[in-house]
Amino acid sequence: MDIETDTNRMITARRLTKTFRAKGRTVDAVTDLDLSVAPGELVAFLGPNGAGKSTTLRMLTTLLPPTSGDAVVAGCDIRRDPAGVRSRIGYVGQGTSGGHTQRVRDELHAQGAFSGMGRRETRARADELIDSLELGQVANRQVQSLSGGQKRRVDIALGLIHRPSLLFLDEPSTGLDPHSRANLWEHIVDLRRTTGTTIFLTTHYLDEADQLAERVMVMDHGRVIADDTAAALKQRLAGDRVTLEFGSATDAAAAAARLGGDHDGSSISVATPDGDVALPRWIRDLDAAGLEVVAATHRAPTLDDVFLALTGRSLREEGAAAAA
Amino acid sequence: MNTVTTSAPVPTEFAAPAASVARPTGFVHDTVAVFARESRPLVRDPFSVVFSLVQPLVFLGLFGPLLIGASGGDAAGTLQWFVPGILVMVALFGTASTGANLLFEMQTGSHERTLVAPLSRAALLVGRALKDVVPLVIQGTLVVLVSVPFGFRLDVPGLAVGLLVLAVFGVGLGALSYTLALACRNRDWMFWMVHQTLLFPLMILSGMLLPLDEGPAWMQVAAAVNPLSYLVDAERVLLAGGFGDPSIVGGVIAAAITCALGLVLGVRAMRRAR
């Protein structure tokens, strides 16, 4: 099977599959994954732990050979030209890229040499990254003495030293405090804005996908189950959620019968494509029918609602369960 | 499945980022780059080399006097016999545990970073193994210098060749240690279990600390198949400045075999690493 090399695509994958065999059991980590990413896109690969996100990333970055299927990354076939892929991409894995006893600047210089850059070019580029990723204060310190957020910025600097046109980020903000996460996101968005670097990141954080990516691919059990902009996914799959509170459970039941939706005690919750328009109309109609709405809330959908609509499970709860 | 690929609006000025392609690199270039990276913490913090000298110096300082007393000979003669063994001990303990650094980097993520970098896999192993020679040579020299005031007779050409043979052995043992680390992956305990199980018998059965002539026959058989005993014998001759002795050939062969075996197994393991 051969994929045509489409020069307008940064990543193309067709029927990419990875099966692991462990203790007589086969695990389908990734099944028939099709993928097409254009230059300049910022794509978030969203899914619970174990969905196959990292396995996909490890195949695309040539760390793991696929069981079947093909992919062309940055113009190079991952099977036939893994060295070509490696020289064109930046990769930031889940762990800490910098060696713990190494100094930040030394690691950047080493990474430049690893990529075949000349000494002077490497030094200039390292200074540039230290400056843009605000690492000046820690450039001469050992990686092990850095905070989580600083380490992550060093990881990104290491991934960018050779100016790759495509950057892979595996769970970039896992384990960071809210302030460091926001700071990291700023840097990622800034990187894309100023250089047009294509960014492909995996995450199990809903807000991360929401904040960073225009395009979200939802993955579950080794398959991509949705692929669109975050706004379109929410609009199409989840819609707004309107919650109405009544004086009694009887009223709530009567309202639920009229509007549909879930009825819970004296309140009901109804999904609708456009809550802004529906809410005043419903209140008027219910009032006319003698059902008095005592409180009303209207919530825009989140990606968790999208995941819930797609799988019947909440990603938020799975995340909490995995963290526990 | 929905496969709509709604692409984000790409700012036109960035629509075609200059496809940056890192320059192709070769094995020698990559080996130098890996060696330089691995040596950097040593350059930044040279004291760390002295720090790992504690164990050989303890043996020299605490075991040495006992040996002198037990042998009934003079201090200088006993040191002439004992110091080459300590040198082999420096090489043995220094390089056999070096895989632990790789093990740590495998667990934290920096090893993965080097696997994705456009580097020759062989260079990843060889550059690391060559780096282990640096502390070995510095430590070996320091041990000898410390012994001189106590009567050890220094033969400079002998020491130079002795350190060279030890370096060849050290590259091999270091490579074997990395091979073990790559095989153990995240099982630290397995690495240290193999390390501890092998190291002390190898050390004792090499005649490094005590002569094996008085030991039972099975011990002498074990020593005969232990490459370290050939190395210890060769170092004793070399450090005394005796270049014509045939036991040197045995030591060189033992070092060369260790080196070749370590590099072959290590490069194979690194090529398979993911």
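The sequence lines fix the lettering, A, B, ..., with proteins before strands; numbering per chain opens at 1. Only this structure's heavy atoms are used, side chains among them; waters, hydrogens and symmetry mates stay out. Only a predicted model underlies this, so the values are computations on that prediction, with no experimental measurement involved.
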query: Considering the options A:Thr62, A:Val92, A:Leu63, which one meets the side-chain contact (heavy atoms from CB on, under 4.5 Å) requirement together with B:Val116?
result: A:Leu63

query: Of all heavy-atom pairs between A:Glu107 and B:Arg113, which one has the smallest distance, and what is that distance?
result: OE2-NH1, 2.7 Å

message: When you compare the side chain of A:Pro65 with that of B:Arg274, does any pair of heavy atoms fall below 4.5 Å?
response: yes

- prompt: When heavy-atom pairs shorter than 4.5 Å are enumerated against chain B, which of A:Gly159, A:Ser97, A:Ala213, A:Gly99 gives the highest number?
  reply: A:Ser97

message: With chain A as the partner, which of B:Glu105, B:Arg44, B:Gln107 has the greatest number of non-hydrogen pairs under 4.5 Å?
response: B:Arg44

message: Which atoms of B:Val34 are under 4.5 Å from chain A, going by heavy atoms: the side chain, the backbone, both sets, or neither?
response: both

- prompt: Are more than 12 heavy atoms from other residues, nucleotides or ligands located less than 6.0 Å from atom CZ of B:Arg185?
  reply: no

- request: Using the side-chain contact (heavy atoms from CB on, under 4.5 Å) rule, take B:Thr108 and A:His100 through it: C-alpha gap first, then chi angles, then the decisive distance, then the call.
  value: CA-CA 9 Å; B:Thr108 57; A:His100 67 300; 5.8 Å; no

query: Taking the side chain as C-beta and beyond, is there a heavy-atom pair between B:Glu112 and A:Arg58 under 4.5 Å?
result: yes

- request: For residues B:Pro118 and A:Ser115, report the shortest heavy-atom separation together with the two atoms involved.
  value: CG-CA, 4.0 Å

statement: Comparing A:Gln142, A:Met217, A:Gln94, A:Gln111 against chain B, the one with the most heavy-atom pairs below 4.5 Å turns out to be A:Gln111

message: Tell me if the CZ atom of A:Arg79 is crowded by more than 12 foreign heavy atoms within 6.0 Å.
response: yes

statement: Heavy atoms of B:Ala117 and A:Arg86 approach each other most closely as O-CD, 3.9 Å

- prompt: Got a donor-acceptor contact below 3.5 angstrom from the A:Gln102 side chain to the B:Arg37 backbone?
  reply: yes

field: Structural part of A:Leu158 lying under 4.5 Å from a heavy atom of chain B
entry: side chain

field: Most chain B-contacting option - heavy-atom pairs closer than 4.5 Å, from A:Gly93, A:Gly84, A:Gly98
entry: A:Gly98

task: Please look at A:Leu35 and chain B and tell me whether the side chain, the backbone, both or neither of the residue comes under 4.5 angstrom of a heavy atom of that chain.
output: neither

task: Drop me the distance from A:Thr101's OG1 to B:Leu42's CG, to the nearest 0.5 angstrom.
output: 9.5 Å

